[in-house]
Amino acid sequence: MKLSVIGAGYVGLTTAACLAQIGHDVFCSESDLEKLGKLQNGELPIFEPCLDKVVASARKAGRLRFGSTEDAIAWGNAIFICVGTPPLPNGDADLSAIEAVARMIAKRASGYRLVIEKSTVPVQTGTQLRRHLSVHNTNGLRYDVASNPEFLREGTSVEDFLHPDRIVVGVDSTRAEELLREIYRPIIDQRFACPVHEECGGWKEPKFLVTDTGSAELIKHASNSFLAMKISFINMVANLCETVGADVTKVAEGMGLDPRIGAAFLNPGIGFGGFCFPKDVQAFIRIAEKSGCDFSLLKEVEKINQARIELFVEKVRRELWVVRGKKIAIWGLAFKPNTDDVRFAPSIALVKALLAEGAAVNAYDPQAMTKARSIIPEIQYCADAYEAAIGSDAILVVTEWDEFRALDWKRVLSIVEQPLIIDGRNALQPEEISHYGFRYVSVGRADILPRRLTESVPHSPTSKKETNTQEVPA
Ligand code: UDX
């Protein structure tokens with residue numbers, strides 16, 4: 001089928017590439033000309049595992065092209081609107097890009113179009129869209145409007161799109177429903193060439209959930225807000241564990257064994273970030289407010305999340321006594337692993353807080369340093385985790401990249417000023433780290449003293465520091 005995708009951000013680019021991957025003929029547009037130029041040259045403006053491969057093979061097969069919004073509107077019978085809906089200062093979602101696209105469709109398209117909202121939008125946006133299309137319809141356009149929220153996560157976007165748990169469509173006509181079912185048929189049946197897994201099979205067929213547009217729009221905000229709430233909940237439990245000496249990892253494990261709770265999204269840390277959770281929670285609070293509902297629960301979720309950074313900085317102060325003049329290594333800047341995205345990343349607020357306390361910051365991230373540099377140019381960016389750790393008084397783990405779990409700890413021990421690791425993601429194994437002579441502080445778990453290793457490991461004795469926590473048994 002000839003399909004159009006308007007907007008080539010994480011959602012738009014993944015949608016366009018994956019729809020081409022499953023056999024459709026896709027035209028994807030981007031209004032940012034620099035980004036469009038890169039895409040037309042086969043360059044991706046984002047780091048996303050596997051996406052470059054899918055885009056390259058779809059372009060080679062002639063099933064994916066990039067161009068202007070005008071051309072995209074003329075191309076396909078179904079148009080996926082995937083433009084950004086960034087937060088406005090008051091927390092509302094900015095819908096101006098959606099409105100502009102709707103007006104262009106109304107003025108330029110003729111015949112029939114299924115106009116599909118795929119961006120995250122507040123409830124009733126579909127109603128506004130319908131009204132706007134009819135107001136500006138100068139070509140006798142016949143159209144349907146549908147909502148088709150996307151649940152992909154950055155870092156696994158291709159896998160999430162092709163192997164979703166559910167496909168939600170909000171429609172007001174059978175024609176729209178049937179068209180969307182046909183578009184997603186290969187994914188519904190899980191019958192397509194999978195670019196992610198060599199041996200791909202055994203994936204559960206996703207539920208194709210049909211509802212009205214408003215409910216579909218709400219499913220997206222409610223789902224993201226619920227996941228954010230789960231994270232804030234376990235972060236509060238982590239605080240409690242720290243005061244009563246319990247282990248949040250075990251608590252989360254015990255909770256997660258109950259299928260009504262589920263183990264997913266019970267990882268405590270320095271808070272959720274990214275371009276979705278923070279803004280979607282805010283937007284949902286605003287949506288509720290406008291409908292006379294005080295979503296106080298979500299306000300607490302936000303407050304708990306915002307407090308994570310100060311709590312973490314307090315740990316750094318506690319461990320370093322005086323932060324001013326200290327050298328701090330930051331491992332990880334992206335808001336989560338496997339992405340180069342630093343939007344609303346906890347690392348940004350953390351680094352700013354440390355700089356304000358007079359610390360010197362050496363940072364390393366496998367993918368996100370270019371984007372972080374444009375926001376915080378004043379810190380040192382390093383070639384690898386080791387370089388960042390040289391002469392450090394503390395190493396802070398801020399993003400749980402796999403590569404930080406596989407480091408040569410003897411080498412790290414030999415280059416730091418003080419063998420101190422403060423893990424904001426519980427990414428490392430406490431026993432292993434202390435085994436190599438580090439003091440290890442994490443989230444919701446007991447602090448671990450360094451284990452005395454044989455003298456063979458060279459390290460300057462001056463910086464060793466004792467605290468009153470139990471030693472790891474041999
Ligand atoms: C999220 C939703 O998961 C996805 O369904 C939606 O489509 C878009 O928003 P994303 O923002 O890519 O996806 O990241 P996600 O993996 O959900 O992580 C969000 C934040 O929560 C990250 O900062 C992550 O570090 C944090 N997180 C996640 C936790 O702190 N603890 C957890 O247990 C899980």
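Keep in mind the model is a prediction, meaning the values are calculated, not measured. Order of appearance sets the numbers: ligands from 1, and atoms from 1 within every ligand. Atom set for the values below is all heavy atoms of this structure, side chains included, hydrogens, waters and symmetry mates excluded.
- At a 4.0 Å cut-off, at least one heavy atom of Arg425 sits close enough to ligand 1 to count as contact.
- Ion pair Lys371/Asp341 not flagged as a salt bridge, since none of the NZ, NE, NH1 or NH2 atoms sits closer than 4.0 Å to an Asp/Glu carboxylate oxygen.
- Geometrically, Arg166 engages Phe151 in a cation-pi contact defined by less than 6.0 Å to the ring centre and at most 45° from the axis.
- With a 4.0 Å heavy-atom cut-off, ligand 1 is reached by the side chain of Phe277 but not by its N, CA, C or O.
- The nearest protein atom to atom 9 (O) of ligand 1, hydrogens excluded, is given as Cys276 CB, 3.1 Å; this is a heavy-atom distance.
- If you check each of Arg153, Lys220, Arg308 against atom 6 (C) of ligand 1, the one with the closest non-hydrogen atom is Lys220.
- To the nearest 0.5 angstrom, Thr399 atom OG1 is 11.5 Å from Lys336 atom NZ.
- Ring pair His221/Phe295: centre-to-centre distance not below 6.0 Å.
- Distances from atom 27 (N) of ligand 1 to the heavy atoms of Leu266, Ile231, Leu227, Thr156 show the closest one on Ile231.
- Under the 4.0 angstrom criterion for non-hydrogen atoms, Gly274 is not in contact with ligand 1.
- Contact between Thr211 and Ser215 at its shortest, heavy atoms only, is OG1-CB, 3.3 Å.
- At least one heavy atom of Gly273 lies less than 4.0 angstrom from ligand 1.
- Within 6.0 Å of CE on Met236 lie no more than 12 heavy atoms contributed by other residues, nucleotides or ligands.
- The residue from Phe272, Tyr10, Phe151, Phe344 that puts a heavy atom closest to atom 5 (O) of ligand 1 is Phe151.
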